[in-house]
Amino acid sequence: MVTLRFHGHSCWEIQGAAHRILIDPFLTGNPQADVARADVTALDAILVSHGHSDHLGDTVALAKQTGAVVIANYEIATYCAQRGCTIHPLHIGGGATFPFGHVRLTIAHHGSTGPEGEALGNPAGIVLVIDGKRLYHAGDTAVFLDMQLIAELYGPLDVALLPIGDNFTMGITEAVKATELLCARMHIPMHYNTFPYIEVNPEAFRRAVEAAGRKVVVIPPGGEYVVP
Ligand code: NI
Ligand code: MN
């Protein structure tokens, strides 16, 4: 059984049968976060989509606190290694197998500077396969036609986690198009209502995706989705 717990913004905790993974662990300073950094224990890996502080977040502190390996693009991984973390660098298009499953970085159209403007490579999306479930975390991105390729090569996707907050990423219209390109078994919105810039109504996304005949569920911060 694979459970996805939403800690707000783009932070997802993936709980498999024997492993726990955190994606984009923005807890400190995240007004939606339902857990504090100190509450996080027994973590196997931290996956980071890009260097922006609302995604890199607590990565360095959490990796050192838990011993989790940081998996991200080469520049982010190196940044974390220089700060004392155990890392595994990847880059876009590449993937690797880990004790908990498989991680591949995919393209994303966005930026990736670090907390103090460091050049932290290119932003990525993440395809994670764990316990036979195929998950896609889009990171921060515009919609792009190559999402079809992600579905074709790495699908069928069980879950697609998609930003809908507009302004910095896809808005609802674009995210609905993304569901058409990805055709996941379930689509879940993220990266909205954390800050004034990205206030949108997730129910509008839900209605539009359902009207298009695809599956969607809105998970509130602190909520979870069990992959069937
Ligand atoms: Ni960003
Ligand atoms: Mn962001």
Side-chain angles (χ1 to χ4, degrees), residues 4-14 21-35 37 46-62 70-80 90-92 103 105-128 135-144 146-147 150 159-179 182 187-202 205 218-222:
L4 280 61
R5 296 193 188 96
F6 188 35
H7 297 309
H9 202 54
S10 294
C11 178
W12 291 88
E13 179 184 334
I14 315 299
I21 293 140
L22 215 47
I23 304 178
D24 284 359
F26 173 44
L27 300 176
T28 304
N30 175 0
Q32 293 184 337
D34 63 313
V35 294
R37 179 200 295 165
I46 300 171
L47 315 186
V48 186
S49 67
H50 64 291
H52 291 165
S53 53
D54 58 320
H55 298 260
L56 183 63
D58 297 279
T59 295
V60 170
L62 275 174
V70 177
I71 302 168
N73 77 29
Y74 177 81
E75 292 82 0
I76 293 172
T78 301
Y79 171 96
C80 292
L90 293 174
H91 230 305
I92 292 164
V103 179
L105 298 187
T106 62
I107 66 170
H109 293 297
H110 192 67
S112 185
T113 45
E116 295 179 34
E118 303 92 337
L120 295 186
N122 291 307
I126 297 164
V127 175
L128 166 65
L135 318 174
Y136 170 56
H137 184 293
D140 279 359
T141 186
V143 68
F144 52 92
D146 286 4
M147 284 178 174
I150 293 171
V159 182
L161 305 168
L162 300 171
I164 67 163
D166 216 334
N167 197 85
F168 298 116
T169 68
M170 297 187 272
I172 287 174
T173 302
E174 295 75 24
V176 172
K177 183 68 183 178
T179 69
L182 292 162
H187 305 91
I188 305 178
M190 63 178 180
H191 209 270
Y192 63 92
N193 292 353
T194 322
F195 311 113
Y197 277 135
I198 57 172
E199 279 177 9
V200 300
N201 180 0
F205 175 72
V218 176
I219 306 294

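Ligands are counted one by one from 1 in listed order, and the atoms in each one are counted from 1 as well. The first residue of the sequence shown is numbered 1, and numbering continues consecutively from there.
Residue side and main chain included, H50 places an N/O/S atom under 2.8 Å of the Ni ion (ligand 1). The distance from the Mn ion (ligand 2) to the nearest N/O/S atom of H55 is under 2.8 Å. The nearest N, O or S atom of H191 is closer to the Mn ion (ligand 2) than 2.8 Å.
Side-chain contact between I46 and I21 is absent, with no heavy-atom pair separated by less than 4.5 Å. The shortest side-chain heavy-atom distance between V60 and C80 falls under the 4.5 Å cut-off.
Draw a line from the Mn ion (ligand 2) to OD2 of D140 and another to OD2 of D54, and the angle between them is 170° (to 10°). Rounding to the nearest 10°, we obtain 90° for the angle at the Ni ion (ligand 1) between H110 NE2 and H52 ND1.
Donor-acceptor pairing under 3.5 Å is lacking for the side chains of N30 and H7.
Nearest N, O or S atom of D140 to the Ni ion (ligand 1): atom OD2.
A side-chain contact (heavy atoms from CB on, under 4.5 Å) with T141 holds for exactly one of E174, H109, H191; it is H109.
Ring orientation note: the planes of H9 and H55 are tilted relative to one another, at an angle of 30° to 60°.
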